[in-house]
Amino acid sequence: MSASAAAPPKPSNTLPGLLCQERRSLSRKVNRSCSAAAAATPPPARLLPGERQSGSSLQGGIPESSRHRSTMDGGLQLESVDWQSVRNSLHHRTAEMGSQRLVVRRGQPFAISLHFRSRGCQPGRDALQLIAETGPAPELQSGTRAVFLVGRAQPSSRRDWRAGYVSSGPRSVDIALLAPATAPVGLYRLKVRLDSACGEATFYQLGEFILLFNAWCSEDDVYLESEAERQEYVLREEGLIYQGNKNWIHPSPWNFGQFEEDVVDVCLKLLDRSLNFLRDPAADSSQRGSAAYVSRVLSAMINSNDDDGVLLGNWSEDYSGGVRPTEWSSSVAILQQWDRSGGRPVRYGQCWVFAGVLCTVMRCLGIPSRVVTNFDSGHEKDGNLIIDVFYDQTGQLLPTESRDSIWNFHVWNECWMARPDLPPGYGGWQVLDATPQERSGGLYCCGPAPVRAVLEGEVQLPYDAPFVFSMVNADRVAWLLCGTRQEKLHWDARAVGSHISTKRVGSDEREDITGTYKHAEGSLEERQVFLKALTQRQPNLRTGAGALPAALRSWPGRAAPGRGREEQAARDAPTALRLRLVESPEIGRDVRLNLQVQNLEAAYKELKLSLGAQPLLHNGSPLPPFCQETLYLSFSPHEEKLVPWRLTYEQYGKHLGEDKQVHVTAMAEEKGSWQKTLAEKTITIACPALTIHVLGPVVVNQAVAFQVDFANPLARPVAGCVLTVEGSGLVKGQAQIALGPLEPQRPCSIKLQLTPYKSGQRQLHVGLKSNQFPTLKGHKQLDVAPGSGGDGWRRLA
């Protein structure tokens, strides 16, 4: 990030210390970027005086004996206010939100200057009283209204607002203000009452400012001790979201853009459009001091199932009338479209889009947030922590009427905050999930659920810990359907929740955080927590072995911790099957697999092998198979054979879904005994990446050329392709370049030019969109050097 991200010295908690600290801050020499921004800042707006009125018309300790005399008698008359937006925004790490207004963080002082017409303020003779208000019906009791004198030595509690004189001139005064670390966040209106030495009282509307959470303030619920984590989880505007499957984990770039133009206004509009606010605006506004409350409200507002939220989810593979979820790579375009449309939901999103947008909103409001991907993510409805899946005799995965499912991956958010509403120890990372899956408290929202509660199986703690637990730690039971009869194929205690991933702090490497959600698979601790969570979800379930339901009495690991039942079943099976990829498959190319088949018995046998392949949707729902083959093989005792298997692009290409998932199965049936063995594998068809080459130094407000290399991945010409370019601090909005027809599998290059408008670490995103193949994406990390006006991009010849 830019130089403004450096942490200033921590201010003293006492008012004298606060004022001393503020004086030092205000007397520092402003750096080059601050000077340039100040030069572009318009002069302070002139203010009209508010209506003169008796003190009894305002609440909060204003004297009722105020006398009114004309300004000719020496009364103070306010001419203008200088919000010192440039200097304040640098200290509060909000400079990239713009310098035309004031955006500050609670629990940290900021300064304003008041300029008077006839004479200056004389502390001790004149009295200044400030009134800060937020919400439609501000009240002292609810914390949405504060009335406080400038210069009072000490607050009566940590919830009090404070103000003190910093310096004064012949006709001006500098004042330092401090919003308590518990104050509701949002848009504030600031007023001042001037009590002159001559006895006159006058009221002025000073203007508005925005108050955010503060991860740098130790008294704030969202305080993070590590500066590296604050930089990553509050200030960083770009990141990676992991997709694919547990055997092919692929990072996809995402532009959060929380400091882009007007994003903070959109975030505040989201709060004001929530059902909580519409039902009781005053109560909602008063609770916005709680990070847990705000995050829960926003997890509901990112989806549109209950309200006019940001995104409309779509898992149908029909994306007409909107944008395919895989085409999105930025929250900014989504939030701006929602705002410009007057709050109509943007079409369409899936889990990673919901999580990317929620991360943007959380970071914008000051709540540390990161995006987390869980591979083989469970969605269990019955409360028994078991997900049943069904196959027919050919190995085809069958759709089921049950709402239980396993998603190949699912993406949610973690947000860092204290949880004073819970027992000690359950603050820290909290799960938030904006993808509309289940109702919570009557709305489609999820969280905040403490990650530690999930690890320990304390699923009774709010909010939605049972659902989060089932996403990372349910068991999968596979059944073979033979007419009306069903036969258990295997029970897998390791099938749900693996390789839980997030971007590592300060790098583009993946961090595996599975251990924060669950103990090692098959361990005694993991099974004990599993049972604890189950009994909390089903209080009437007795835990004795004879009291458990029949299906649960032989849980993997109960008799032999550390060894799963699926391993035992594999050892006892008469035949071993294993599917392996020969090479990583790419779109447009054939998929090559090998099936290893081994006779585990000391006897001859004949096998019927049923091979099948079918598309798999992101939420685990299977589509009809596009390939089914049957082979008959004979085996000598302990003989092993390798069966090659090829799926051509002509076979799978037209059936491939948005997530490019293919589920392949092999079912072996032994002649005579009719025993069956199943092997299965989910394959993600990869897309070739775009390559970006920067052709010169990258400096703010200086044009730089870059080259994009790509190729049509198909063996046929493709027309109607569009290249998209975006990136916070690099390109305002999204640039789109229409391309001519692309020849089959032929490398192409295009040179473009952009002019960065923000310095620091930036991420350039380029996408190639087509209705013939999934969007190809590429990204490049740029270190933009400071410079000196201009923005945009243009195509080069």
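Along the sequence shown, residues are numbered consecutively beginning with 1. These figures come from a predicted structure and were not determined experimentally. Values reported hereafter were calculated over all heavy atoms of this structure, with side chains retained and with hydrogens, waters and symmetry mates removed.
- With rounding to the nearest 0.5 Å, the separation of CD1 in Ile367 from CG in Leu358 is 9.0 Å.
- Both the sub-6.0 Å distance and the 45° axial angle are not jointly satisfied by Arg324 relative to the ring of Tyr319.
- The shortest non-hydrogen separation linking Ala668 to Leu577 is CB-CD1, 3.7 Å.
- Atoms CG and CZ, from Asn594 and Arg578 in turn, are 12.0 Å apart once rounded to the nearest 0.5 Å.
- Under a 3.5 Å cut-off, the side chain of Thr360 and the backbone N or O of Phe256 do form a donor-acceptor pair.
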CA sep, side-chain torsions, deciding dist, call: Val591, Tyr649, side chain to side chain contact (heavy atoms under 4.5 Å, CB included): CA-CA 8 Å; Val591 178; Tyr649 179 73; over 6 Å; no
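- Proximity of a side-chain donor or acceptor of Thr535 to a complementary backbone N or O of Leu531 within less than 3.5 Å is detected.
- Phe626 and Tyr652 have tilted rings, their planes meeting at an angle from 30° to 60° on a 0 to 90° scale.
- Using a cut-off of 4.0 Å between Lys/Arg side-chain N and Asp/Glu carboxylate O, Asp492 and Arg494 are scored as not salt-bridged.
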Working for side chain to side chain contact (heavy atoms under 4.5 Å, CB included), residues Leu607 and Tyr632: CA-CA 6 Å; Leu607 292 180; Tyr632 294 90; over 6 Å; no
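- Summarising the geometry, atom OH belonging to Tyr293 is positioned 14.0 Å from atom CE belonging to Met417; distances are rounded to the nearest 0.5 Å.
- Using a 4.5 Å heavy-atom cutoff, the side chains of Ser440 and Cys446 are not in contact.
- Scored by the salt bridge (Lys or Arg N to Asp or Glu O under 4.0 Å) test, Lys660 finds no partners at all (sequence neighbours excluded).
- Of all heavy-atom pairs spanning Arg504 and Arg510, the tightest one is NH2-O, 3.4 Å.
- Asp307 places no side-chain N or O within 3.5 Å of a backbone atom of Leu275 that could act as its donor or acceptor partner.
- A donor and an acceptor atom, one from each side chain of Thr682 and Lys246, are nowhere located under 3.5 Å apart.
- Here the closest non-hydrogen pair linking Leu480 and Met667 is CD1-CE, 3.9 Å.
- The shortest side-chain heavy-atom distance between Leu617 and Glu658 does not fall under the 4.5 Å cut-off.
- Using modelled atom types, one side-chain atom of Gln614 and one backbone atom of Leu397 make a donor-acceptor pair closer than 3.5 Å.
- In terms of heavy-atom proximity, Ser331 sits nearest to Trp254 at OG-NE1, 2.8 Å.
- Atoms OH and OG1, on Tyr233 and Thr502 in that order, are 5.5 Å from each other to the nearest 0.5 Å.
- Residue Lys608 places its NZ atom among 12 or fewer non-hydrogen atoms of other residues, nucleotides or ligands, all under 6.0 Å distant.
- In this view, Arg646 and Asp590 satisfy the salt bridge (Lys or Arg N to Asp or Glu O under 4.0 Å) rule, not counting sequence neighbours.
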Candidate pair Glu458 and Arg452, rule salt bridge (Lys or Arg N to Asp or Glu O under 4.0 Å), full reasoning: CA-CA 8 Å; Glu458 295 290 350; Arg452 180 181 171 186; over 6 Å; no
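- Put simply, the side chain of Val582 does not reach to within 4.5 Å of the side chain of Leu593, judged on heavy atoms.
- With rounding to the nearest 0.5 Å, the separation of OG in Ser290 from CZ in Arg296 is 11.5 Å.
- A side-chain N or O of Glu456 and one of Tyr426 form a donor-acceptor pair less than 3.5 Å apart.
- Of all heavy-atom pairs spanning Cys445 and Ser299, the tightest one is CB-OG, 3.1 Å.
- Between the side chains of His410 and Asp376, not a single donor N or O lies within less than 3.5 Å of an accepting N or O.
- Under a cut-off of 6.0 angstrom, the local environment of OH in Tyr242 is crowded, with over 12 non-hydrogen atoms contributed by other residues, nucleotides or ligands.
- Taking the six-membered ring where tryptophan is involved, the planes of His618 and Trp407 are perpendicular, since the angle between them exceeds 60° and thus also 30°.
- No side-chain donor from either of Gln598 and Gln596 sits under 3.5 Å from a side-chain acceptor of the other.
- Asn314 places no side-chain N or O within 3.5 Å of a backbone atom of Gly349 that could act as its donor or acceptor partner.
- The CE atom of Met301 lies 10.5 Å from the CG atom of Leu443; values are rounded to the nearest 0.5 Å.
- Counting heavy atoms from C-beta outward, Pro450 and Arg419 have side chains that approach closer than 4.5 Å.
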Trace of the ring-ring contact (aromatic ring centres under 6.0 Å, His included) decision for Phe467 with His379: CA-CA 8 Å; Phe467 184 77; His379 185 169; 5.3 Å; yes
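- When side chains are defined from C-beta on, Val472 does not count as touching Ser377, because their heavy atoms never get closer than 4.5 Å.
- Proximity of Leu595 to Leu609: side-chain heavy atoms (C-beta onward) are separated by under 4.5 Å at one or more points.
- For Arg370 and Trp429, the positive end sits near the middle of the six-membered ring, less than 6.0 Å away and at most 45° from its axis.
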Worked verdict on Asn303 versus Thr435 for side chain to side chain contact (heavy atoms under 4.5 Å, CB included): CA-CA 7 Å; Asn303 68 70; Thr435 302; over 6 Å; no
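- The pair Lys503-Glu232 meets the salt-bridge criterion, with a side-chain N (NZ, NE, NH1 or NH2) lying under 4.0 Å from an Asp/Glu carboxylate O.
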Worked check of side chain to side chain contact (heavy atoms under 4.5 Å, CB included) between Ser584 and Trp248: CA-CA 9 Å; Ser584 180; Trp248 186 79; 4.0 Å; yes
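- Under the 4.5 Å side-chain criterion, counting only non-hydrogen atoms from C-beta, Trp352 is in contact with Gln243.
- Side-chain atoms of Ser316 and Asp318 include no donor-acceptor pair closer than 3.5 Å.
- Side-chain atoms of Glu586 never come within 3.5 Å of backbone atoms of Ile685 as a donor-acceptor pair (strictly under, hydrogens ignored).
- Each of Glu670, Lys676, Glu669 was checked for a side chain to side chain contact (heavy atoms under 4.5 Å, CB included) with Ser673, and the lone residue meeting it is Glu670.
- Side-chain N or O atoms of Ser610 include none that pairs as donor or acceptor with a backbone N or O of Gly395 at under 3.5 Å.
- Contacts of Glu680 classified as salt bridge (Lys or Arg N to Asp or Glu O under 4.0 Å), with partners at least two apart in sequence or in another chain: Arg476.
- The aromatic rings of Trp315 and Phe354 sit parallel to each other, their planes meeting at less than 30°, with 60° as the upper class boundary.
- Using a 4.0 Å cut-off between a side-chain N of Lys or Arg and a carboxylate O of Asp or Glu, Glu380 and Arg537 qualify as a salt bridge.
- Looking at every heavy atom in both residues, Glu629 comes nearest to Trp645 through OE2-NE1, 3.4 Å.
- Contact annotation: the side chain of Glu438 never approaches that of Tyr444 to less than 4.5 Å [non-hydrogen atoms, C-beta and beyond].
- Judged by distance alone, the side chain of Ser405 and the main-chain N or O of Gly620 form no donor-acceptor pair under 3.5 Å.
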Working for salt bridge (Lys or Arg N to Asp or Glu O under 4.0 Å), residues Asp475 and Arg527: CA-CA 11 Å; Asp475 287 1; Arg527 287 290 93 181; 3.0 Å; yes
